[in-house]
Amino acid sequence: MKRKNWLLLLLLGLFLSVVAACSDENTEEAGTTDSESSSDSEGQVLNFTTKVAIASMDPSITTDEASFNNLSATMEGLYRLGEDGETEPGIAKKHKVSKDGKTWTFTLREDAKWSNGDSVTAHDFVYSWRRAVNPDTGSEYGPYMMNGVIKNATDVSSGDLPVEELGVSAKDDYTLVVELENPTPYFESLTTFGTFFPLNQSFVEEQGENFALSADSLLSNGPYKMAKWESTSTSWELVKNENYWDKEAVKMDKLTFEVVKDPQTAVNLYEKGKVDRIDLTSSLVDQYKTHDDYQVTPDTFVYFIKFNQEANDVLANRDIRAAMSRAFNKQALVDEILNNGSIVANGLVPADFTPLPETGEDFRAANGDLVTYDVEKAKELWEKGLNELGKDEVELELLTDDDETTKLMVEYIANQLEENLPGLTIDLKRVPKEQRLDLDTNMNYEVQVSRWGPDFLDPYTYMNLWTTESGNNNMGYSNPEYDQLVKETGTKYAQDNVARYENFLEAEKVLFEDAAIAPIYQASRAQLVSPRVKGVYVNPFGATYEYKYADVASGE
């Protein structure tokens, strides 16, 4: 069904939302607690909202932002991220690298404990990393993060070698040896990421299929422990882990989280002092941008449209994909719909993420705009594609998350696509994020709005997504030239950073010449953050937030 008057209705809806926000009437707050932001009886407490529930607390299975945030708070790898995104010692006290850059030897601290009192040893890392690339586990991130990096990971994850051949071993209880396929300068930052966290083998095997399905079936070795959580929970707590080796650095007794999808409900909770941080949707930004607690934080998450080329012959057509990539006004989207400081994305690697090694020029500026809004070009490509397919009309299903901001965005994009591409009908399928991730994994979709945030500080974190064998591809895209360019950044040019970046620049161009994805925008976060909140770091990659050093401002 066409949405001829959609924009007018949207603007009216946004106006009514602001009027409602300014009224004295309270929005229903089902599921909220009666507790204040902090209580003397509970000690130091901070309360947060989140738009989505935890999809998984299994480090080998987790793929989404919310889950990684909670994993990072409750677990710890060899290193972790501190202030300004700098790596700092975690379970590893130090490491040394061989002259050829391929063997890393980590010395682990002997005072690190699991929350059940067991020692954290090198064997826990060996078990966890093997599990992550074991094809029987079904991990997406294990192969994505380790293939081509850790020795034999590719052959292990494909089932061609046993897991024991993975290049990781325990020299003794507190010495971990990692063999790499090629020199990997960013490997230290990789070890901060959730997929590389250790696991207590005896505990995991004891839990069996119940592992990581509830707080009782989890072990922590990080600053906090999960509490009051099951896999279906819409609220949970992180409580201080008294067995954590660096517990003296942890100031908070408890952090609480509640899933709140309705933006007005979140604002009401914040205004009453029941939560200490909320995200603002576009309809609320203008009202609150002069508020003392208003903050805009630039982000490195890039949103894009995925086209499942195996879904049908329409999406297998390059001209159809290219037309759709150019048929919606991204500037209007970020200015009028999002209204939160986000910027247009005309490529994959975000702005202000990484500079070129020789000149220092920002990667995004160096490669320029690779796909822009251009209605005339879109119509030309669309007509060409329809002629090639022998069709006059096309109906496609667009899969999206069901949060409020995404609803507004996809309504706008669907309207633009239908208006600018004659004969196209878009059917929206909105589902909870966890369900969307499952549908993506099983390639059970046609077109999808997705996003990616960096897992480490290197363009490879974005470029490796779309190689033929990537566990995150899930859209049937394959180009041998693209694969070769990306592969060479970790092999032929592993120790030649200038050549590596030249390959990255060229690979990104190939990706958009193929119209493999359609970039939408690079996110920013418009938030209200209580002045009570101190020491919560926003990471440039990996988990969005670092809660280890969270504190409550003095006098609160």
Show your working on side-chain contact (heavy atoms from CB on, under 4.5 Å) between Leu238 and Lys225 and close with a plain yes or no.
CA-CA 5 Å; Leu238 301 180; Lys225 298 185 296 183; over 6 Å; no
[X] side, atom [atom1]; [Y] side, atom [atom2] - distance, nearest 0.5 Å:
X	Y	atom1	atom2	value
Gln435	Asn444	CD	CG	9.5 Å
Thr63	Glu434	OG1	CD	9.5 Å
Asp458	Asn464	CG	CG	10.5 Å
Gln44	Lys254	CD	NZ	12.5 Å
Leu269	Asn47	CG	CG	10.0 Å
Asp440	Asn474	CG	CG	4.5 Å

Residues, nucleotides or ligands: over 12 heavy atoms within 6.0 Å of Lys377 NZ:
no
Counting only heavy atoms not in Lys534, do more than 12 fall under 6.0 Å of its NZ?
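Not buried by this count: 12 neighbours or fewer within 6.0 Å.
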Side chains of [Y] and [X]: any donor to acceptor distance under 3.5 Å?
X	Y	value
Thr300	Gln522	no
Thr372	Asp369	no
Asn241	Lys113	no
Glu188	Thr87	yes
Asn308	Gln448	no
Asn69	Ser72	no
Glu237	Thr256	no
Trp236	Asn70	yes
Gln527	Asp279	yes
Ser342	Asn340	yes
Asn367	Glu508	yes
Tyr244	Lys548	yes
Ser470	Asn473	no

side-chain contact (heavy atoms from CB on, under 4.5 Å) between Thr425 and Asp427, intermediate numbers included:
CA-CA 7 Å; Thr425 299; Asp427 301 317; 4.0 Å; yes
When you check the gap from the basic side-chain N to the acidic O, do Lys274 and Glu258 get nearer than 4.0 Å?
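A salt bridge is absent here (no side-chain N lies under 4.0 Å from a carboxylate O).
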Is it true that Glu411 and Arg430 have a side-chain N and a carboxylate O under 4.0 angstrom from each other?
yes
Could you give me the CA-CA distance, side-chain angles and deciding distance for Arg364 and Asp352, then say whether salt bridge (Lys or Arg N to Asp or Glu O under 4.0 Å) is met?
CA-CA 7 Å; Arg364 180 74 275 127; Asp352 300 320; over 6 Å; no
With side-chain contact (heavy atoms from CB on, under 4.5 Å) as the criterion, how do Lys51 and Val260 come out once you've worked through the C-alpha distance, each side chain's angles and the decisive distance to 0.1 Å?
CA-CA 5 Å; Lys51 291 187 290 185; Val260 179; over 6 Å; no
Centre-to-centre under 6.0 Å for [X] and [Y], is that the case here?
X	Y	answer
Phe193	Tyr141	yes
Phe307	Trp466	no
Tyr462	Phe363	no

Are the side chains of [X] and [Y] in touch, meaning some heavy atoms are under 4.5 Å apart?
X	Y	value
Phe541	Leu81	yes
Leu417	Asn420	no
Trp452	Val302	no
Glu65	Phe68	no
Arg525	Thr544	yes
Leu284	Gln264	yes
Asn221	Ile91	yes
Asp551	Val533	no

Begin with the C-alpha distance, continue with both residues' side-chain angles, and end with the deciding distance and a verdict on ring pair (Phe, Tyr, Trp, His ring centres under 6.0 Å) for Phe197 and Trp114.
CA-CA 12 Å; Phe197 290 165; Trp114 290 101; 9.9 Å; no
So, for [X] and [Y], which heavy atoms are closest and what is the spacing to 0.1 Å?
X	Y	result
Arg532	Val45	NH2-O, 3.3 Å
Gly347	Pro519	O-CB, 3.4 Å
Leu218	Ala212	CD2-CA, 3.5 Å
Val239	Ala227	CG1-CB, 4.2 Å
Phe196	Phe187	CE2-CE1, 4.5 Å
Ala366	Leu356	CB-CD1, 3.6 Å

Option among Asp401, Asp402, Asp403 that satisfies the salt bridge (Lys or Arg N to Asp or Glu O under 4.0 Å) test with Arg436
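Among Asp401, Asp402, Asp403, the one meeting salt bridge (Lys or Arg N to Asp or Glu O under 4.0 Å) with Arg436 is Asp401.
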Trace of the side-chain contact (heavy atoms from CB on, under 4.5 Å) decision for Arg80 with Glu88:
CA-CA 6 Å; Arg80 70 181 302 118; Glu88 60 183 33; 3.9 Å; yes
Side-chain polar contacts of residues 289-298 - donor-acceptor pairs under 3.5 angstrom, sequence neighbours left out - could you list them?
unit_1	atom_1	unit_2	atom_2	d
Lys289	NZ	Asp286	OD1	3.4
His291	ND1	Asp293	N	2.9
Asp293	OD2	Tyr270	OH	2.7

Whether the side chain of [X] engages the backbone of [Y] through a donor-acceptor N/O pair (distance < 3.5 Å, no angle test) should be reported.
X	Y	value
Glu546	Val538	no
Asn539	Gly542	no
Thr461	Asp455	yes
Lys247	Pro223	no

Tyr521 ring centre to Arg451 NZ or CZ under 6.0 Å, with the angle to the axis within 45°?
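Negative - Arg451 is either too far from the ring of Tyr521 or too far off its axis.
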Angle between ring planes, Phe456 versus Tyr186, binned at 30° and 60°: parallel, tilted or perpendicular?
parallel
Step by step, would you call Ser67 with Asp64 a side-chain hydrogen bond (donor to acceptor under 3.5 Å, both in side chains)?
CA-CA 6 Å; Ser67 301; Asp64 67 294; 2.6 Å; yes
